[in-house]
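As structure tokens, the structure follows; a few thoughts come after it.
Note that ligands are numbered from 1 as they come in the structure, with each ligand's atoms numbered from 1 the same way.
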Amino acid sequence: MFILHHGWRSSASRRVRLCLAEKGLKFESVLVDLTKMEQHSPEYLKLNPNGVIPLLILPDGRSLYESGTICEYLDETYPEPPLRPDDAYGRAEMRNWIRYADERIGNLIIFNWKHSIAKVASKWTDAELAEAMKKIPSKERQQAWLRAARQPYTAEEENEARRKLTVMLDKMESNLAQHAWLVGDRYSLADIAVVPFVKRMDEEIIPDEMSAAKHPRVHAWWQKLQARPAFKEARIESFTSTL
Ligand SMILES: N[C@@H](CCC(=O)N[C@@H](CS)C(=O)NCC(=O)O)C(=O)O
């Protein structure tokens, strides 16, 4: 049995749950409460030194972190149904989408922090904040927590993020003009990589841009994607619901 350390609302965790659901793989759920900084506990850091979720413990006891890597591992190990193109070029394109989502899109989802983490972190005293900072393993994550605690994102930063996220939708729209899915005619890990971000764009960040009038092919892709049984199984639900 797989053991997944995750969060219901975490984008990276959502990717892994989607992949597991597509493969029909069950898992034992271990919820990690980010607001209590459980991801920075010494026990957790031993398994994932990056101090983030998700973390997947394999049936043989070995563990894996990084959602894109976990999904590729699952797809190689449990090849049915395949979630990658048959040809090497297609797989290279798929990896570029995953990389684009990881490096250029994930950090634009600054809208998530205010719903939970900022509510907790903004109440910390300076001493508590300093203590928390010591436990966070990377400079980039320390900066994100510092922003959540003391410097909420400005309207200008939010608008700039919206602009860049719209560029991603434009990029998707042009791919979908040629193929049924982001890479070729098979649903793949490229689609899965962007699902959690598209979900947030649709429900809160740029819902207008998700309309059939603005991005018709993305709109149709999103309808088709949400109708997949795995989408429901993976519980990609409203961010502000009480999960
Ligand atoms: N590149 C990582 C990103 C993981 C990540 O950023 N996880 C977030 C939740 S989506 C997290 O654990 N944040 C907690 C923190 O920064 O302390 C992956 O894809 O697994």
Side-chain donor-acceptor pair under 3.5 Å between D191 and W221, yes or no?
yes
Output yes when a side-chain donor or acceptor of Q142 lies under 3.5 Å from a complementary backbone atom of M133, and no otherwise.
yes
At a non-hydrogen distance cut-off of under 4.0 Å, which region of [X] contacts ligand 1 (side chain, backbone, both, or neither)?
X	answer
W145	side chain
M37	neither
R141	side chain

contact_flag S11 ligand 1 heavy-atom lt 4.0 Å
yes
Sub-4.0 Å heavy-atom contact, R9 with ligand 1:
no
Under 4.0 Å from a heavy atom of [X]: give me the atoms of ligand 1 that qualify, with their elements.
X	result
P54	20 (O)
H40	17 (O)
A12	4 (C), 10 (S), 18 (C), 19 (O), 20 (O)
Q39	14 (C), 15 (C), 17 (O)

Among I53, I70, N48, the residue with a heavy atom nearest to atom 7 (N) of ligand 1 is I53
So which of I98, V52, D102 gets nearest to atom 11 (C) of ligand 1, if we judge by its closest heavy atom?
V52
On the six-membered ring of F111, is R200 placed so that its NZ or CZ lies under 6.0 angstrom from the centre and within 45° of the ring axis?
no
Regarding ligand 1, does E66 bring an N or O atom to under 3.5 Å of one of the ligand's N or O atoms?
yes
Do K46 and E43 come within less than 4.5 Å of each other through their side chains, counting heavy atoms only?
no
